[in-house]
K.L.:
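Dropping the structure in here first, questions after.
Letters go in sequence order (proteins before strands), and every chain restarts at 1.
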Amino acid sequence: MAYWLLKTERSAFSWEDQLKAGPKGGEWSGVRNPLAQKNMMAMKIGDLGFFYHSGDEKRIVGVVKVVSEAHPDSTDRTGRWNCVDVAAAGAFQKPVALSEIKAEPRLANMVLVRNSRLSVQPVTEEEWMLICRMGGYNQR
DNA sequence: GCCAACGTTGGC
DNA sequence: GCCAACGTTGGC
């Protein structure tokens, strides 16, 4: 079981959109970066990911789970890109802002801090647990 | 609005 | 196959 972080601009696809997709979830489409793509290809059903709003908000607002492993991205006509399906697993009681992550020394090595442009990133178990605690998110 | 970091493109 | 030029992302 692995942990990830998925970035999206609110205007493109928001947490509310993710909630609307319900327990069956939907495609995490539109990723057109080779490294982000490689990360998605490595996702397994049941893996969890932070849902991060980039742009004006810059904060983690919730958790999604992988409900379908990589398959062709329906928004891609070239046939080169794949995506996974994710469903909302729960919202943070208190969203965790990028500024809080940067202020936490134990998170200094997070990919989010090191390579802010990567849209699909791995998260370590230690980072995952700590951020869940910061966000008031209870894992089952 | 700026710019650093990173990707992609295209000429050679 | 290299690399300069250009485009995009995303934080500040």
K.L.:
With distance as the sole test, does A:Asn82 use its side chain to make a donor-acceptor pair with the main-chain N or O of A:Ala70 at under 3.5 Å?
P.N.:
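No, the answer is negative, given that no donor and acceptor are paired below the 3.5 Å cut-off.
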K.L.:
Using whole Å, report how far CD1 of A:Ile101 lies from P of C:dG11.
P.N.:
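Distance, rounded to whole Å: 10 Å.
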K.L.:
Atom CG of A:Leu35 to atom C1' of B:dT8: distance rounded to whole Å?
P.N.:
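Interatomic distance, CG of A:Leu35 to C1' of B:dT8: 15 Å.
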K.L.:
Select one nucleotide: of C:dG10, B:dT8, C:dG11, the one nearest the side-chain heavy atoms of A:Leu98.
P.N.:
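Between C:dG10, B:dT8, C:dG11, the one nearest the side chain of A:Leu98 would be C:dG11.
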K.L.:
Nearest-Å distance, CG (A:Asn33) to P (C:dG7)?
P.N.:
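About 19 Å, once rounded to whole Å.
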K.L.:
Whole-Å distance between C:dG10 P and A:Arg32 CZ?
P.N.:
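The answer, rounded to whole Å, is 14 Å.
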K.L.:
Taking only the side-chain nitrogens and oxygens of A:Lys7, find out if one of them lies under 4.0 Å from OP1 or OP2 of C:dG10.
P.N.:
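Result: yes.
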K.L.:
Could you tell me the separation between the CG atom of A:Leu112 and the P atom of C:dT9, rounded to a whole number of Å?
P.N.:
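Answer to the nearest Å: 17 Å.
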K.L.:
Using whole Å, what does the distance between atom P of nucleotide B:dG7 and atom NZ of A:Lys38 come to?
P.N.:
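Atom NZ in A:Lys38 sits about 12 Å away from atom P in B:dG7.
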K.L.:
Is the backbone of A:Gly30 close enough, under 3.5 Å, to the side chain of A:Asp73 for a donor and an acceptor to pair up by distance?
P.N.:
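Looks like yes, one N/O pair under 3.5 Å.
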K.L.:
Nearest to the A:Arg117 side chain among B:dC6, B:dG7, C:dC12, which nucleotide is it?
P.N.:
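Nearest to the side chain of A:Arg117 among the choices is B:dC6.
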K.L.:
Figure out the CG/P separation between A:Asp56 and C:dG11, and round it to whole Å.
P.N.:
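Whole-Å distance recorded here is 10 Å.
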K.L.:
Could you tell me the separation between the CH2 atom of A:Trp81 and the P atom of B:dT8, rounded to a whole number of Å?
P.N.:
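Distance, rounded to whole Å: 6 Å.
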K.L.:
Pick one: which of A:Leu48, A:Val63, A:Val64 meets side chain to side chain contact (heavy atoms under 4.5 Å, CB included) with A:Val86?
P.N.:
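Answer to the side chain to side chain contact (heavy atoms under 4.5 Å, CB included) test with A:Val86 among A:Leu48, A:Val63, A:Val64: A:Val64.
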K.L.:
Describe the nucleic acid contact of A:Leu118 in one word from base, sugar-phosphate, nothing, applying a heavy-atom distance below 4.0 Å.
P.N.:
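Counting heavy atoms under 4.0 Å across all strands, no contact is made by A:Leu118.
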K.L.:
Determine, using ring centers only, whether A:Trp28 and A:Phe51 are less than 6.0 Å apart.
P.N.:
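Under 6.0 Å, so yes.
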